[in-house]
4 protein chains.
Amino acid sequence: MNRNSTQAFSAPVTARGQRTRQKLVDAAEAIFGEKGYEAASIADITRKAEVALGTFYVYFPDKKTLFVEVVDNLGDRLRDELGRAVEGISDRVEVERTGLRAFFRFIQEHRLMYRVVRQAEFVDEACYRRYYQRFAEPYAHRLEAAMDEGLVRRIDPETLAWCLMGIGDFLGMRYVLWRHEKQLERALDAAMDFIEHGIVVGGPAPARKKTPSPRARRAPSRSPKT
Amino acid sequence: MNRNSTQAFSAPVTARGQRTRQKLVDAAEAIFGEKGYEAASIADITRKAEVALGTFYVYFPDKKTLFVEVVDNLGDRLRDELGRAVEGISDRVEVERTGLRAFFRFIQEHRLMYRVVRQAEFVDEACYRRYYQRFAEPYAHRLEAAMDEGLVRRIDPETLAWCLMGIGDFLGMRYVLWRHEKQLERALDAAMDFIEHGIVVGGPAPARKKTPSPRARRAPSRSPKT
Amino acid sequence: MNRNSTQAFSAPVTARGQRTRQKLVDAAEAIFGEKGYEAASIADITRKAEVALGTFYVYFPDKKTLFVEVVDNLGDRLRDELGRAVEGISDRVEVERTGLRAFFRFIQEHRLMYRVVRQAEFVDEACYRRYYQRFAEPYAHRLEAAMDEGLVRRIDPETLAWCLMGIGDFLGMRYVLWRHEKQLERALDAAMDFIEHGIVVGGPAPARKKTPSPRARRAPSRSPKT
Amino acid sequence: MNRNSTQAFSAPVTARGQRTRQKLVDAAEAIFGEKGYEAASIADITRKAEVALGTFYVYFPDKKTLFVEVVDNLGDRLRDELGRAVEGISDRVEVERTGLRAFFRFIQEHRLMYRVVRQAEFVDEACYRRYYQRFAEPYAHRLEAAMDEGLVRRIDPETLAWCLMGIGDFLGMRYVLWRHEKQLERALDAAMDFIEHGIVVGGPAPARKKTPSPRARRAPSRSPKT
DNA sequence: CATGAATGAGATTTCATTCAT
DNA sequence: AATGAATGAAATCTCATTCAT
């Protein structure tokens, strides 16, 4: 059925080739973000990149491969940008606030691309997970280090990392993607208040609590210390 | 193209018709969850529903309309289920914990359908937003009421609602969809610890802090250097 | 990669469907014969059949399947036609002559189709072999029966069948396909002369010769019996 | 489209150029045999020849031209090889046997290329006919000469040549290409028996029978029953 | 109400060929 | 002479939707 050859895929490596390839990646970023993975056609991408249709297949074996590359690129850039943003900040709370702010700025600047990631789930699940896990793991490690230094309360670091990512993601969707940016700063402050102190009224954080059995914690916080 | 919700479309209303319609909705739920919106064909759905291809168009004007109905159904059911789960619980923290747990159970039981929602963004954005806003608004109201009663610290309720939704969403993805359910309870406890008390070590929750101007907070306030 | 469903292919079975299907098969016969397998496009076939392009895929999963069906059809018809032609003829030589003549007539009437078979080798080798073997086997059996009755000299029947098929095929190519039909009858007579008596001058057929060792037969025919 | 053989095409003539050209022809031989004309791509050929894609068009104006050259080469080599094989053999029957054997050996050694010829029919019919006619004509002449010398019965030489070619072709397909080589010698003996003496039992070859009118021969002449 | 054959626009992908280097 | 990036026409195949029964 498939009379394909057995050679691996190989794309041009000259400078000119690199330029063409980049044009395609950039165009894909824009088109995927605008229309979504399925609705974006190769023709859309090559038209935007101002190359011929066939040129696409000189550089990528198929649409999915390019999509995965675009998503991975996005992840790399986001990671680098956030890393740069919080570099040198020692106050842990300030790291979170700055990181969150940098994340929102990144979304603002790559509004279209950000939407693309959600699509990845049905295109290439591995790539989808990779996108989130690439952050979650180092994030958890840094949080754990902060806990060791006494800068953050001791909470299972992995869970905490995913909670904070969820907060960032949803606020980004609500206040950046959906264009309510006037409320963004207010929301950021409110979120930081929540992240710092939680929802419980007046309670100090319990000191050394190991994750308790769920039942035992029914009445948790009314400790005299408050 | 845009025959939105004001459809001049009229479908059978007999009992038999209702049954056929339901078969289609149920089948669509399964197929959309399994394959995603684009990859799911009408033929897939009618085959699963055990009706003829043409019957689809007796009940729905097009594929998108059915998809939107499925997503809306999903949202309604989730809302109802969570509502039922926390009904009658007075302890606010317990409401959160129970709600989170009910949400995870819902995902477990509708693993495929959960994935459908993310697809909605590029199919019908209104429906996608509706899905989240339907929760966010009442949630914010209930949180505000709890604040009024002094059960929850005063934080911008809308922001808080989206933060909590983000936490639930990401933990659900990480610990339910990605099948690490053995860690689910531990993660739930850790998350509740975070939600209750935040990340800051030992500090009491500040009483009445109004959202400060962003610039003013550049350096953490307790620093005389500012 | 391939999000195909797992259901087997199923084509319409109504009378109308049968008619459409036949139109496609007939058109394919003509187009394949005219252009060859590769050069014949689905669009060519549906255009000739006067149906829409998509209709093709209602009846056949792909081009190859239709091609195989066409070749198999051709083989069936040829077999039936030759069978009918020689039915009731008792003189064995006359059977050969009549069969050859019927074969030539078949080619004349299905000139295009006949060319198709040669293409099958690269399309579906099984189908290609089937085409020839379907004849070779019963042919060899009938020849063997004729040998048992003393109507034909005893020669390995399978080899003999393939020799006779080769003769028919090449004469058909030379004198029918290549349009030298004026010479056809003369060629038929010459071929029959050869088939009946071989090329050796004056020699009677050796009576009971079992297939001798190749070396031993170096000087074969100058036996006194001649 | 029709730049047939009178090409205004000029290729490099240096020694280096000749080497490159030969690499391409050799590679094409292999690739065409393996994949068939249509499925073989220029890229396949240049990859195998270890030259750049563009180099192809330095030596050949298009794919078809190279294919025709390959087929013609094949024909030339086969003719030469068979010529060499029977050189100096005086016994006519032995010439046939040796020629057949040499043909089979040629197929064995160029198994893939043999298949190429059948493809030629739809690529370039002239080349296809040329392939067979190049043999048929000298073959017929030699047979006629043998008849003049009384070594072979007098049968229309052209017809006889095509019959013998058909026999060789079909036996080659059946017993060499389809890998039943263990039976090859036996088949060769059986075929020679048939070729020498025909199928008719015991009968002496009729002496001077001119091709009779077809109608007159309806009933075999020796049968009183008619 | 229900059916399912028919439609055709549109998507992906291949590859012979060109041409600037 | 040789290169290989770029081209775009053309082919296969899918599927939402229509409509006659």
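All chains are named by letter (A, B, ...) in the order of the sequence lines, taking the proteins before the strands, and each is independently numbered beginning at 1.
- Per the geometry, CG belonging to D:Asp62 stands 17 Å off C1' belonging to F:dA9, to the nearest Å.
- No donor-acceptor pair under 3.5 Å is formed between the side chain of A:Asn73 and the backbone N or O of A:Val70.
- Bending across the helix from E:dA2-F:dT21 to E:dT21-F:dA2, expressed as the angle between its end axes from five pairs apiece, amounts to 10° (10° rounding).
- D:Phe60 meets the ring pair (Phe, Tyr, Trp, His ring centres under 6.0 Å) test with D:Phe56; sequence neighbours excluded.
- The interatomic distance linking D:Phe56 (CZ) with F:dA1 (P) rounds to 17 Å, in whole Å.
- Between the side chain of B:Glu38 and the backbone N or O of A:Glu38 there is no donor-acceptor pair closer than 3.5 Å.
- Under the rule for a side-chain hydrogen bond (donor to acceptor under 3.5 Å, both in side chains), the partners of D:Arg111 that lie at least two apart in sequence or sit in another chain are D:Glu181.
- A salt bridge does not link C:Lys64 with C:Glu69: every distance from a Lys NZ or Arg NE/NH1/NH2 to an Asp or Glu carboxylate oxygen is 4.0 Å or more.
- Atom NZ in B:Lys35 sits about 12 Å away from atom C1' in F:dT14, given to the nearest Å.
- Judged as a salt bridge (Lys or Arg N to Asp or Glu O under 4.0 Å), and not counting sequence neighbours, the contacts of B:Glu125 are A:Arg115, B:Arg129.
- Regarding contacts with the backbone of E:dT17, a side-chain N or O of D:Tyr57 is found under 4.0 angstrom from either OP1 or OP2.
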Between the protein and nucleotides 4-6 of chain F, which nitrogen or oxygen pairs are less than 3.5 angstrom apart?
from: F:dG4; atom 1: N7; to: D:Gly54; atom 2: N; distance (Å): 2.8
from: F:dA6; atom 1: OP1; to: A:Thr20; atom 2: OG1; distance (Å): 2.4
from: F:dA6; atom 1: OP2; to: A:Tyr59; atom 2: OH; distance (Å): 2.1

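- Under the side-chain hydrogen bond (donor to acceptor under 3.5 Å, both in side chains) criterion, B:Gln22 pairs with B:Asp26, not counting sequence neighbours.
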